[in-house]
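Accompanying notes for the structure given below.
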Amino acid sequence: MLRLVSFSVAALILVAIGLAITASQGGIGVAPDREIPGGRPDQGPMAFVKYGCGGCHEIAGVRSAKGKVGPSLTTLGERAYIAGNLPNTPENLVLWIINPQGIEPGTAMPNLGVTQEDARSMAAYIYSLH
């Protein structure tokens, strides 16, 4: 009986250590820290409204963003890929927002004339939603 208790305690300790390491690396439900140089997350919601993004996407914190055509942007910061094949990095997200047709011709997302400044703020806001 004593060996069973010792084994159980050792297993629990190993699990706790694994969880602590994973959490410290941003693993448990926490998106990695993604810095967007020049991005202003506080300006992101206004930019989403300005370009009409809520017509296709649902975006937390943007009242008018209830669209169901494209994916919800609320959890985009936690995903590994943008549009299914573009690694989700700050640089790629800004490029995607500015020129989705140049990255994936024929995608349902149109080029909307988003400025570099607005794209950075939109990306920073998306990454702040984790």
Side-chain angles (χ1 to χ4, degrees):
M1 181 69 158
L2 183 57
R3 268 202 275 200
L4 181 59
V5 171
S6 295
F7 178 76
S8 297
V9 169
L12 285 173
I13 289 171
L14 287 175
V15 168
I17 290 170
L19 288 173
I21 290 169
T22 303
S24 72
Q25 295 174 347
I28 300 177
V30 177
D33 184 32
R34 295 185 170 146
E35 188 68 31
I36 306 287
R40 297 189 50 200
D42 62 313
Q43 298 296 312
M46 289 184 290
F48 284 120
V49 170
K50 175 180 174 180
Y51 294 102
C53 302
C56 293
H57 299 282
E58 181 178 65
I59 311 163
V62 181
R63 187 180 307 165
S64 63
K66 304 288 185 205
K68 301 293 182 193
V69 175
S72 170
L73 301 184
T74 300
T75 59
L76 179 61
E78 300 170 16
R79 296 183 203 151
Y81 294 96
I82 301 164
N85 62 8
L86 185 65
N88 190 352
T89 66
E91 298 81 16
N92 284 344
L93 182 54
V94 170
L95 289 174
W96 175 258
I97 292 169
I98 292 171
N99 188 16
Q101 292 296 318
I103 294 169
E104 188 176 318
T107 185
M109 186 163 157
N111 287 355
L112 297 170
V114 178
T115 66
Q116 182 80 234
E117 180 182 352
D118 285 342
R120 290 182 182 285
S121 294
M122 293 159 86
Y125 182 73
I126 287 170
Y127 288 145
S128 76
L129 294 175
H130 59 63

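- Looking at N88, its side chain never comes within 3.5 Å of a backbone N or O of L93 through a donor-acceptor pair.
- Judged as a side chain to side chain donor-acceptor pair (under 3.5 Å), and not counting sequence neighbours, the contacts of Q116 are R120.
- Separation of atoms OH (Y81) and OG1 (T89) is listed at 11.5 Å; rounding is to 0.5 Å.
- Across I36 and A123, no two heavy atoms sit closer than the pair CD1-CB, 3.9 Å.
- Counting all heavy atoms, side chain and backbone alike, G102 lies closest to N99 at N-OD1, 3.0 Å.
- At least one side-chain heavy atom of I103 sits under 4.5 Å from a side-chain heavy atom of L95.
- Put simply, NZ on K66 and SG on C56 are 15.0 Å apart, with the number rounded to the nearest 0.5 Å.
- Checking side-chain atoms of N92 against main-chain N and O of L86 turns up no donor-acceptor pair under 3.5 Å.
- Closest heavy-atom contact between T107 and P100: CG2-O, 3.8 Å.
- Here I126 contributes atom CD1 and T74 contributes atom OG1; the two are 9.0 Å apart, rounded to the nearest 0.5 Å.
- Note that CE of M122 and CD1 of I59 are 7.0 Å apart. Values are rounded to the nearest 0.5 Å.
- Shortest non-hydrogen contact noted between Y127 and P90 is OH-N, 3.5 Å.
- Between atom OG of residue S121 and atom CD1 of residue I97 there is a gap of 9.5 Å, rounded to the nearest 0.5 Å.
- With a 6.0 Å radius and a threshold of 12 heavy atoms from other residues, nucleotides or ligands, E117 has its CD atom at or below the threshold.
- L129 and V62 fall within the same hydrophobic cluster, defined by Ile, Leu, Val, Met, Phe, Trp and Tyr side-chain heavy atoms under 4.5 Å apart, directly or through other members.
- Nearest heavy-atom pair, A119 versus I98, reported as atom, atom and distance to 0.1 Å: CB-CG1, 3.5 Å.
- The shortest non-hydrogen separation linking A83 to W96 is CB-CH2, 3.5 Å.
- Here the CZ-CG distance, from R79 to L73, works out to 7.0 Å after rounding to the nearest 0.5 Å.
- Criterion: ILVMFWY side-chain heavy atoms under 4.5 Å apart, direct or through other members. Under it, L112 and M46 are not part of a common hydrophobic cluster.
- The side-chain hydrogen bond (donor to acceptor under 3.5 Å, both in side chains) pairs that include a residue from residues 45-63 are K50-D118, Y51-D118, E58-K68, where partners are two or more places apart or lie in different chains.
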